[in-house]
Novice: 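Encoded as structure tokens, here's the structure I'll be asking about.
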Amino acid sequence: MTTAIIGVGNIGSAVARHLVSGDELVVLAAKNQSDAEAVAQKLGPRASAASVEDAIAGADAVVVALWLDALQDVLPRNSQGLEGKVVLDPSNPLGFDENGQMIRTLPDGQSSGSIVASLLPASAHYVKAFGTLAADSLANSANREPRAVLFYATDDDEAAATAERLIRVAGFDPLKVGGVADAIRIEMPGGDLHQAGLNGALLDIEQARVALATTGATA
Ligand SMILES: NC(=O)c1ccc[n+]([C@@H]2O[C@H](COP(=O)([O-])OP(=O)(O)OC[C@H]3O[C@@H](n4cnc5c(N)ncnc54)[C@H](OP(=O)(O)O)[C@@H]3O)[C@@H](O)[C@H]2O)c1
């Protein structure tokens, strides 16, 4: 199995490093291919770099580690290549105002996941995943004892199976919060099960199950 990672910033490079540590093959792509090449070189022979188009074409699963505005450009342009692929989306509805302050870019109640899912071809297998921790926590908490949980949300069984496998390979425990309608719960700002909504806590699987049950999830 090969996983494409589009975007090698905070999230994409952390996910790439964890997957390679778990013996997964990854192919990396970025806006500037030299950025992807530099990260791939650091990660060793299980990582390579390619254009966005070629990375998607050569992969079974695609982690789209881009900001929502970039996703709104990149996904429609790669619609054909994404047919039948599992697409893992860590995005949040975040941007910055003219003062550099972080702002919500979508109306309250609308998730980034719902937008991203709507931009994919009908045959793609969509899952919200790998975005539930702050980037530094994601980078530094793989393979803890007990393992930290990464929540995910999907309506698609194939996407769920791939998300569970990749989250485990990356050194975390997976826990499904529900379908795409529940993706908003694991996004920030506002998601009660995003790390930011949990006062920065990293949950193990038992704590995560309690949090899910006590906050009234639908899964
Ligand atoms: N940072 C966090 O703590 C955090 C936590 C959870 C979820 N997230 C979400 O994860 C996503 C990525 O965040 P990040 O912090 O990793 O962002 P980032 O560090 O700014 O990285 C963004 C990456 O996107 C690439 N990119 C931009 N436009 C592109 C295009 N048109 N085609 C291909 N690649 C493109 C950039 O490539 P170049 O380097 O070549 O410009 C860069 O590698 C966001 O949606 C964010 O909301 C972030």
Side-chain angles (χ1 to χ4, degrees), residues 4-19 26-43 47 49-57 59 62-79 81-82 87-96 100-106 110-117 119-120 126-142 148-153 163 166-167 170 172 177 183-198 200-202:
I5 299 179
I6 313 303
V8 292
N10 300 304
I11 296 295
S13 59
V15 172
R17 178 165 54 82
H18 294 330
L19 292 180
V26 298
V27 54
L28 310 178
K31 194 170 189 174
N32 300 311
Q33 197 169 324
S34 59
D35 292 341
E37 281 162 3
V39 176
Q41 194 162 15
K42 276 194 212 144
L43 295 179
S51 67
V52 172
E53 294 74 14
D54 289 348
I56 291 170
V62 183
V63 180
V64 288
L66 306 177
W67 291 91
L68 182 55
D69 56 353
L71 287 167
Q72 287 172 315
D73 170 45
V74 168
L75 296 178
R77 280 198 286 112
N78 289 279
S79 191
L82 289 165
V87 177
L88 300 104
D89 160 33
S91 67
N92 290 309
L94 283 179
F96 296 91
Q101 293 297 308
M102 217 174 240
I103 51 164
R104 185 176 176 84
T105 56
L106 293 174
Q110 186 173 29
S111 69
S112 180
S114 68
I115 303 287
V116 174
L119 293 170
L120 296 174
Y126 173 81
V127 55
K128 181 100 217 168
F130 283 119
T132 65
L133 299 181
D136 58 342
S137 292
L138 180 71
N140 296 318
S141 56
V149 160
L150 295 186
F151 292 108
Y152 70 92
L166 291 177
I167 288 169
F172 297 85
V177 300
I184 198 161
R185 301 188 63 199
I186 55 175
E187 294 181 0
M188 71 164 289
D192 61 322
L193 294 173
H194 189 281
Q195 187 184 17
L198 293 163
L202 279 177

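Start at 1 and go down the list; that is how both ligands and their atoms are numbered.
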Novice: Checking Ile103 now: which residues fulfil side chain to side chain contact (heavy atoms under 4.5 Å, CB included) with it, not counting sequence neighbours?
Specialist: Asp97
Novice: Could you please provide the protein residues found below 4.0 Å of ligand 1 on a heavy-atom basis, arranged by chain and number?
Specialist: Gly7, Val8, Gly9, Asn10, Ile11, Ala30, Lys31, Asn32, Asp35, Val52, Ala65, Leu66, Trp67, Ala70, Val74, Pro90, Ser91, Asn92, Gly131, Leu133, Ala134, Ala135
Novice: Do Phe172 and His18 have ring centroids that are under 6.0 Å from one another?
Specialist: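 Yes, ring centres under 6.0 Å apart.
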Novice: Applying side chain to side chain contact (heavy atoms under 4.5 Å, CB included), can you list everything that pairs with Ala4, at least two apart in sequence or on another chain?
Specialist: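 With neighbours one apart ignored, the set is Ile6, Val27, Ala55, Ala59, Val62.
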Novice: Suppose we screen for side chain to side chain contact (heavy atoms under 4.5 Å, CB included). Which residues come up paired with Ile184, at least two apart in sequence or across chains?
Specialist: Arg104, Ser111
Novice: Is a side-chain donor or acceptor of Glu187 paired with a backbone partner of Ser112 at a separation under 3.5 angstrom?
Specialist: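 Side chain of Glu187 to backbone of Ser112, a donor-acceptor pair under 3.5 Å: yes, one is there.
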Novice: Does a salt bridge link Asp73 with Arg77, judged by any charged N lying under 4.0 Å from a carboxylate O?
Specialist: yes
